[in-house]
Colleague: 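I have a structure I would like to understand better, so I am pasting it below and will then ask my questions one at a time.
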Amino acid sequence: VTKAIIVDDERLMREQLRLCLNEAWPDLVVCGEAENAEGALDLLTTEQPDLVFLDIRMPASSGLELAKQIGQCCHIVFVTAYDQYAVEAFERGAVDYLMKPVDKERLTVTAERLRARLAERPANLDALLERLSTTMNQKEPQNLRWIQASYGQTLRMIAVDEVIYFQADDKYTRVLTEQSEALIKKPIKELVTELDPNQFWQIHRATVVNVKAIAGISRDLRGRQHVSLRGRGEKLEVSRSFAHLFRQM
Amino acid sequence: MKHPLKLLGNSSWPVVLLLCALTAAAAVYYTVSVEQQEDPRILDRQVAQLNQRIATIVRGIDDGKNIVIVEGGGLSDVTIGRVTSGSVKGSSATSQAVERPVSTNGALDRAPSLTARALADASQRIDEAERKLAEQLEQTGIEDNNAKRQIADARRQLAQAQQLYAQYTHNQEQMTQALGTAVEGEIRRAVSMSVADYRIRSNLTFLALVASLILAVLISKAMLTRQRAAETRTVLANSEAERARLSKEMVETRLAMMQAQIEPHFLFNTMASVQHLIEVDPPKAAGLQRNLIRYLRAAVPSMRETGTTLDREIKLVSAYLGICKARMEGRLEYSIDVSATAARATFPTMVLTTLVENAVKHGLEQKPEGGSIRIFAEAQEGRLRVVVADTGIGFSSTPGAGVGLANIRERLKLLYGGRASMVIQPNQPGTLVSIEIPLRNKESSTEPARP
């Protein structure tokens, strides 16, 4: 008997897949359903299924991560509503996948293919998953996007895009936007490593400025450069060690 | 043309100011110091000191010895003469006034005190001789005419010597007095001359300072004018650029809004739910489909209007939340609380939808146990405040959520300038986003939403 589990965070989706499987693959036993990765892993150990129908998008840990954990324990059939990158990757890697809403005819074809393949050892998906997670993560840069700052008693989230510049202030860092000024506990040295270096330039030991907010550079009699800002009146000094950023082209 | 001032650069005016300040300080310092030097009390003191020195000189002259005194004074160097035999030679200034022949006996001149004693001695001896002569006359009765003549001669000679001595003494006194007067006069003259000279010199310096100050002020004024002109140009150019940037952004955000299509993932997932419900629960399927149609109608770009009422946006959002609720079931709870005034107010399109979509997608869908969304709107003191709060996983851990919010921020800025605000706060758990815009009512707000 072939055993399968369904992993999807939406109950309706699980139900629909089960009904479809009943018709397209009557002798398949759906021995369990899980709505998250945790439940799925429990079912995997207790039920030892041959097949996992796995939704790619799930809360907390994604389907891709769960697939990595499952490894070659059993065959995996990915289920997705619409994930362009994933579908392309599945096609290239000849991996089994289903599209939501699940189509009965297509499910029948997949069921036949799977039946033929069950005897084989489950394919090694590591390379594919690696590729997939990098392409999907590429859309989301790892740089800091939000800053949680305190304004007096209240906490606020400030988008880093909104920040005009950061200024070191003792152990703290001042965050200056067009209309407001806040203090965060993170020292500027640490902050610099987390910001997108293309968007934020360090122009002074104590100053990091948003490139988009730079309106112009001026030079005084002593040859020191000052950055004028869009949206704020003050000028920021550029120290000599960072002057190369503004060398004329 | 390269203006010489241009070489100094744009930000040179602090230097000019510094220059002016320095000049002014120097002028003040000079004025004060000149006043100090001109203080009559100081002059008096110096003259008194000189007088004391002259007194010393005079005392030296009194002793009748040859004296050479060189005095260094505060205002002028005064060399006071040398008393020689019969004359006083001094510095060129004093000599004319003081030099005067004094004829004295060489012996007297060499040793005046000895001479005085010799004169007294001589007089005593003459007296003694006379007394002896008188005794001899008494005892012998012989009158020694020769001796008498000799004594008379001696007396005459002594009288002559005494006269000479008196003359010498008198001359010396006169000379001392004349010297004193001359030296004092000379010193006074020198002092007053040097003070006058000093006055002229310091006046010249002061004038030069004032002139340079005026020049510095003029230069700085010229530079300031130039700089102001340059700044005005920069400001103009900047505002021009800003305007261009704003209009470009306006187009871009509008485009972004137009392109913000319904996410395919959402659409297909919903369709899958509808398909399944048609089989197992047709009435529920119909409800879900109705919501989907309502949502699509508003979300399809060509059907959007630029300005709409909060009421319409709320309807769109409740359709969306209805769909989400059907799919997520118990994992999603939501409440909408909008006052009647707030409902009639105008509100930019797709702003609320973006916030609610964010709350579902990045807040609740990521949380296995789900959570709730609360939408709240009120109108107060000419402001419309709309709050979307969720109890999802919170903001910092959801990458990718920033794009929609950045779009909203840009649009609010373009539509309302600085009069709109968007504040994002942690909701413990979850996120709370509140938007405040000026309260405006749409005339057509009473009209029902487009069917």
Side-chain angles (χ1 to χ4, degrees), chain A residues 9-17 19-20 35-39 57-62 80-84 99-103 137 139-148 151 154-162 178-180 215-216 218-224 226 228 230-231 235, chain B residues 8-12 14-15 234 237-238 241-242 245 263-277 279-281 326-331 364-370 393-402 405-406 409-410 413 418 421-426 428 431-433:
Chain A
D9 58 315
E10 292 181 27
R11 185 184 58 88
L12 289 177
M13 294 295 107
R14 294 196 299 269
E15 261 176 32
Q16 197 218 1
L17 184 60
L19 288 178
C20 285
E35 58 174 7
N36 53 42
E38 209 181 318
R57 288 204 188 184
M58 274 195 311
S61 98
S62 80
T80 179
Y82 181 89
D83 276 297
Q84 206 184 334
M99 295 278 277
K100 287 196 254 185
V102 181
D103 180 68
N137 283 339
K139 293 187 288 178
E140 295 153 1
Q142 292 306 295
N143 294 308
L144 196 66
R145 296 196 56 85
W146 293 90
I147 284 163
Q148 192 164 318
Y151 287 77
T154 57
L155 272 177
R156 276 194 202 174
M157 307 295 301
I158 308 170
V160 291
D161 299 312
E162 217 186 327
E178 199 168 326
Q179 284 138 3
S180 68
S218 59
R219 199 182 272 272
D220 68 6
L221 270 183
R222 293 165 61 195
R224 276 193 308 204
H226 292 268
S228 50
R230 197 174 277 139
K235 285 188 177 182
Chain B
L8 289 172
N10 270 341
S11 42
S12 53
V15 178
T234 318
N238 274 350
E242 191 70 8
R245 194 176 67 88
E263 224 197 317
H265 197 270
F266 172 79
L267 192 60
F268 286 113
N269 255 328
T270 309
M271 291 311 284
S273 298
V274 171
Q275 197 186 38
H276 174 63
L277 282 173
E279 281 172 40
V280 297
D281 189 352
R327 285 175 39 206
M328 292 168 73
E329 298 180 310
R331 288 178 59 223
L364 300 178
E365 268 187 0
Q366 306 291 324
K367 205 176 178 182
E369 65 270 33
I393 54 161
F395 230 92
S396 42
S397 49
T398 51
L405 286 173
R409 195 182 311 113
E410 282 304 310
K413 207 162 116 188
S421 72
M422 178 168 72
V423 173
I424 303 155
Q425 286 170 277
Q428 275 139 35
T431 311
L432 186 148
V433 183

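Residue numbers start from 1 in every chain, and the chains themselves are labelled A, B, ... in the order their sequence lines are given, proteins ahead of strands.
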Colleague: Could you measure the distance from the CE atom of B:M328 to the CD atom of A:E35? Nearest 0.5 Å is fine.
Modeller: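 Answer rounded to 0.5 Å: 10.5 Å.
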Colleague: Roughly how far apart are B:E279 CD and A:E15 CD, rounded to 0.5 Å?
Modeller: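 Atom-to-atom, B:E279:CD and A:E15:CD are 11.0 Å apart.
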Colleague: Among B:V423, B:T270, B:D281, who wins on heavy-atom pairs under 4.5 Å with chain A?
Modeller: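 Top count of heavy-atom pairs under 4.5 Å with chain A: B:V423.
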Colleague: Any ion pair linking B:R331 and A:D9 (charged N to carboxylate O, less than 4.0 Å)?
Modeller: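 Looking at A:D9 and B:R331, the cut-off is met.
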Colleague: Testing the basics here: between B:H276 and A:L19, what is the closest heavy-atom pair and its distance to 0.1 Å?
Modeller: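 What the structure gives for the nearest pair is CE1-CD1, 3.4 Å.
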Colleague: Show the nearest heavy-atom pair for residues A:V102 and B:Q275, with the distance to one decimal.
Modeller: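 Here A:V102 and B:Q275 meet closest at O-OE1, 4.0 Å.
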Colleague: Should we count CE of A:M99 as having more than 12 external heavy atoms under 6.0 Å?
Modeller: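 Yes, enclosed.
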Colleague: Should A:L155 and B:Q425 count as side-chain neighbours, where that means a heavy-atom distance under 4.5 Å?
Modeller: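 They are not in side-chain contact.
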Colleague: Quick check on B:L277 against chain A: is it the side chain, the backbone, both or neither that has a heavy atom closer than 4.5 Å?
Modeller: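 The side chain, not the backbone.
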Colleague: Need one label for B:V274: side chain, backbone, both or neither, based on atoms under 4.5 Å from any heavy atom in chain A.
Modeller: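 No part of B:V274 comes within 4.5 Å of chain A.
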Colleague: Under the salt bridge (Lys or Arg N to Asp or Glu O under 4.0 Å) criterion, do A:E178 and B:K413 qualify, and how do the steps go?
Modeller: CA-CA 11 Å; A:E178 199 168 326; B:K413 207 162 116 188; 3.5 Å; yes
Colleague: State, to 0.1 Å, how close A:E10 and B:S273 come at their nearest heavy-atom pair, and which atoms those are.
Modeller: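 Between these two residues, the closest heavy atoms are OE1-OG, 4.1 Å.
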Colleague: As an exercise: rank A:Q179, A:E38, A:K100, A:R11 by heavy-atom pairs under 4.5 Å with chain B and give me the winner.
Modeller: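 Most heavy-atom pairs within the cutoff with chain B belong to A:R11.
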Colleague: Tell me, with the steps shown, if B:I424 and A:I158 meet side-chain contact (heavy atoms from CB on, under 4.5 Å).
Modeller: CA-CA 7 Å; B:I424 303 155; A:I158 308 170; over 6 Å; no
Colleague: Counting only non-hydrogen atoms closer than 4.5 Å, does B:A241 touch chain A with its backbone (N, CA, C, O), its side chain (CB onward), both, or neither?
Modeller: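 Nothing of B:A241, per the 4.5 Å heavy-atom cut-off to chain A.
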